[in-house]
Amino acid sequence: MFGTKKEISKNKAWSKLASHYKKMRDVEMREMFAKDPQRAERYCINLDAMTVDYSKNRINDHTLAYLLTLARACKLPEKIDAMFKGERINQTENRAVLHVALRNRENSPICIDGKNVMPEINAVLAKIKKFSEDVRYGKFVGHTGKKLVNIVNIGIGGSDLGPKMAVEALRKYWAKDINCYFISNIDGTACNEVLNKVNPEETLFIVCSKTFTTIETLTNARTCRKWLIDALGEHAVSKHFVAVSTNAKEVAKFGIDTENMFEFWDFVGGRYSMWSAIGLIIAIAVGMDNFEKMLEGAHEMDMHFKYTELSKNIPVILAMLSIWYNDFFNMRSAAVIPYDQYLGYLPAYLQQLVMESNGKFISNEGEYIKCSTSLVVFGGAGTDVQHSFFQMMHQGMTIIPCDIIVPAISHNEVGEHHEILLANALAQGEALMKGKTVKEAYDEMRRAGKPKEEAKRLKKYKSFPGNRPSNTILFKKIDPYTLGMLVAMYEHKTFVEGVIWDIDSFDQMGVELGKQMALSILPELQSNASGIRHDASTGNLVKMIKRMRK
């Protein structure tokens, strides 16, 4: 809608923000806090299980008003409504986008072309419940009668990152005798490292591929199948492999009993699929009750997103702040810093969610986009990252807004560890905002007994510009419910950004190009095939690799 340069220049809301930016670009947050004692309370949204403090941003009431005017001009409320109604908002693939239906705990009808999808979703959830409990309680056993305690998820992209992130985040909820492993990379090392750790008699493989043709997933699955057959024979396959797919013919051809095939649908994109049968490994690891609590947390965020007025809507506020920094301040990156070891995979999961969804350059109108889309997302667990990229965040020339995710209570309250962790989390947000002036740095050194000349020499080095934005997302504890809320919040935030940039956030055309070209190179590496045209660099690299492999 406003993706092209011409359209943006005509849009009054965008123009007002551009003018407002000139007034705000040099405003100091520490001064805004000093002038407004109620700032922290006003720019904070509290839900029962989540608090989002966004007061440490370069905004005032006018900024928010202009940003929300832009959102309304882009018809955001109507677009939200269209998604929940099952309209085909994934226009390039002519599909509805209904990950929200997967966690529709009210079980209210959600229709595509007049057909309610909830009965099918409920049937698959019931099947997940039965199978996960059969595995957990030893009713579904391996070929030799042993309990299946090693669960190996074979997938790629959304079929890997979502369940891996969730399983690790909920590690404290695992059944005591269950171990979870993930194979995604086509690098043979990924297979070998897992297979070297598990006993074939006690191992269940979950092959996650909607079409059952994904080259990375099927190559890894066939390697695991051969390993199992070498140990237990071909008849063992049906007792040690299940599938999350829609291609019953190929699943059966692989040797998997189609009774153990779990369906999911075209209206669920890979990176939004952990709520579906792709989450089977989550249900096995933590139990169906906890899996359903995760769905309930996500549903709570869905209802907040659907019904809450824009000015108090967490995903909307966070998304519009991203637009503000990305397109007006030219801050092209965002960091996600969970101060919880169990959330270590969250930044990687969000990289896919954000950059695969919104890393686009064609608008929904088929026009080339002139504004910047998609943030470069990165991050890691605090406090580790304080000793890596936080140096740049505090004193670098590139300003990087960040989300600081904080659980008030740890699952492992050991001594004073968690209080120290919390102190670091809060200190980073404050330090990024306040910084330290040259004078403050000088005075601090003098009070510490540094000689005057040394304090003068070092004062600039020890100063920090501050005025660097952050949001603090606070939970009581990371549990299945709050994890569901957190992930759904980022899903909806990403959707809102796509609405403003007028892009289809639900296709992933860019993922396919490299795969297609790899298929043309593969025969050359496997034989003496030649005659395929490459650029000079790629052609020479193929020749060198073939020589090295001889």
Side-chain angles (χ1 to χ4, degrees), residues 150 152-161 163-164 181-198 200 203-238 240-256 258 261 270-271 278 348 351-352 355-356 359 507-550:
N150 302 309
V152 181
N153 191 90
I154 306 174
I156 193 75
S159 300
D160 171 74
L161 279 168
K164 182 193 293 182
Y181 303 91
F182 291 85
I183 299 173
S184 60
N185 198 333
I186 194 64
D187 187 339
T189 301
C191 266
N192 281 351
E193 284 298 315
V194 171
L195 297 180
N196 287 337
K197 294 174 184 175
V198 297
T203 300
L204 175 70
F205 296 96
I206 304 172
V207 185
C208 299
S209 173
K210 186 181 289 185
T211 61
F212 222 71
T213 58
T214 310
I215 187 168
E216 298 97 333
T217 301
L218 268 294
T219 301
N220 283 328
R222 291 185 188 110
T223 296
C224 293
R225 183 181 187 277
K226 182 181 183 305
W227 172 84
L228 183 78
I229 290 172
D230 288 346
L232 302 179
E234 191 155 355
H235 292 299
V237 172
S238 64
H240 292 265
F241 278 85
V242 299
V244 181
S245 182
T246 56
N247 191 340
K249 182 179 177 182
E250 288 300 316
V251 167
K253 187 176 173 182
F254 188 91
I256 296 172
T258 53
M261 185 184 89
R271 56 195 175 277
I278 292 294
Q351 284 176 339
Q352 185 198 32
M355 293 193 279
E356 191 170 282
D507 65 13
Q508 55 277 333
M509 306 299 184
V511 175
E512 302 304 320
L513 177 60
K515 289 185 178 183
Q516 292 169 0
M517 297 180 76
L519 290 175
S520 72
I521 294 172
L522 182 61
E524 292 185 84
L525 295 175
Q526 292 177 330
S527 69
N528 292 321
S530 60
I532 299 171
R533 290 186 179 182
H534 297 297
D535 64 272
S537 170
T538 304
N540 283 333
L541 289 168
V542 168
K543 291 176 184 176
M544 285 190 282
I545 288 170
K546 290 176 76 171
R547 283 200 299 269
M548 289 177 182
R549 288 180 64 79
K550 283 183 179 179

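Hydrogens, waters and symmetry mates play no part in the numbers below; they use all other heavy atoms, side chains included. We number each residue from 1, following the sequence as shown. As the structure is a computational prediction, the values presented were derived from the model and not from experiment.
- The main-chain N or O of S159 is found under 3.5 Å from a side-chain atom of N153 such that the two form a donor-acceptor pair.
- Atom CG of L195 sits about 9.5 Å away from atom CG of L228, to the nearest 0.5 Å.
- With sequence neighbours excluded, no residue satisfies ring pair (Phe, Tyr, Trp, His ring centres under 6.0 Å) with Y181.
- Side-chain atoms of N220 do not come within 3.5 Å of backbone N or O of C191 as any donor-acceptor pair.
- Applying the side chain to side chain contact (heavy atoms under 4.5 Å, CB included) test to L161 and every residue at least two apart in sequence or in another chain returns A348, Y349, Q352.
- More than 12 heavy-atom neighbours from other residues, nucleotides or ligands sit within 6.0 angstrom of CG on L541.
- With a 6.0 Å radius and a threshold of 12 heavy atoms from other residues, nucleotides or ligands, M517 has its CE atom at or below the threshold.
- Scored by the side chain to side chain contact (heavy atoms under 4.5 Å, CB included) test, A231 finds P200 as partners (sequence neighbours excluded).
- The salt bridge (Lys or Arg N to Asp or Glu O under 4.0 Å) test applied to K226 returns D230, not counting sequence neighbours.
- Residues that satisfy the ring pair (Phe, Tyr, Trp, His ring centres under 6.0 Å) test with F241, not counting sequence neighbours, are F205, F254.
- Judged as a salt bridge (Lys or Arg N to Asp or Glu O under 4.0 Å), and not counting sequence neighbours, D535 has no contacts.
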### Verdict with supporting geometry, E356 and V511, side chain to side chain contact (heavy atoms under 4.5 Å, CB included)
CA-CA 8 Å; E356 191 170 282; V511 175; 3.4 Å; yes
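- Side-chain contact annotation: S245 with N247, donor-acceptor N/O pair under 3.5 Å absent.
- Between the side chain of K546 and the backbone N or O of E524 there is at least one donor-acceptor pair closer than 3.5 Å.
- Judged by distance alone, with hydrogens and angles left aside, the side-chain atoms of T246 form a donor-acceptor pair with the main-chain N or O of K210 at under 3.5 Å.
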#### Entry: Test side chain to side chain contact (heavy atoms under 4.5 Å, CB included) applied to T217 and C208, step by step
CA-CA 7 Å; T217 301; C208 299; 5.6 Å; no
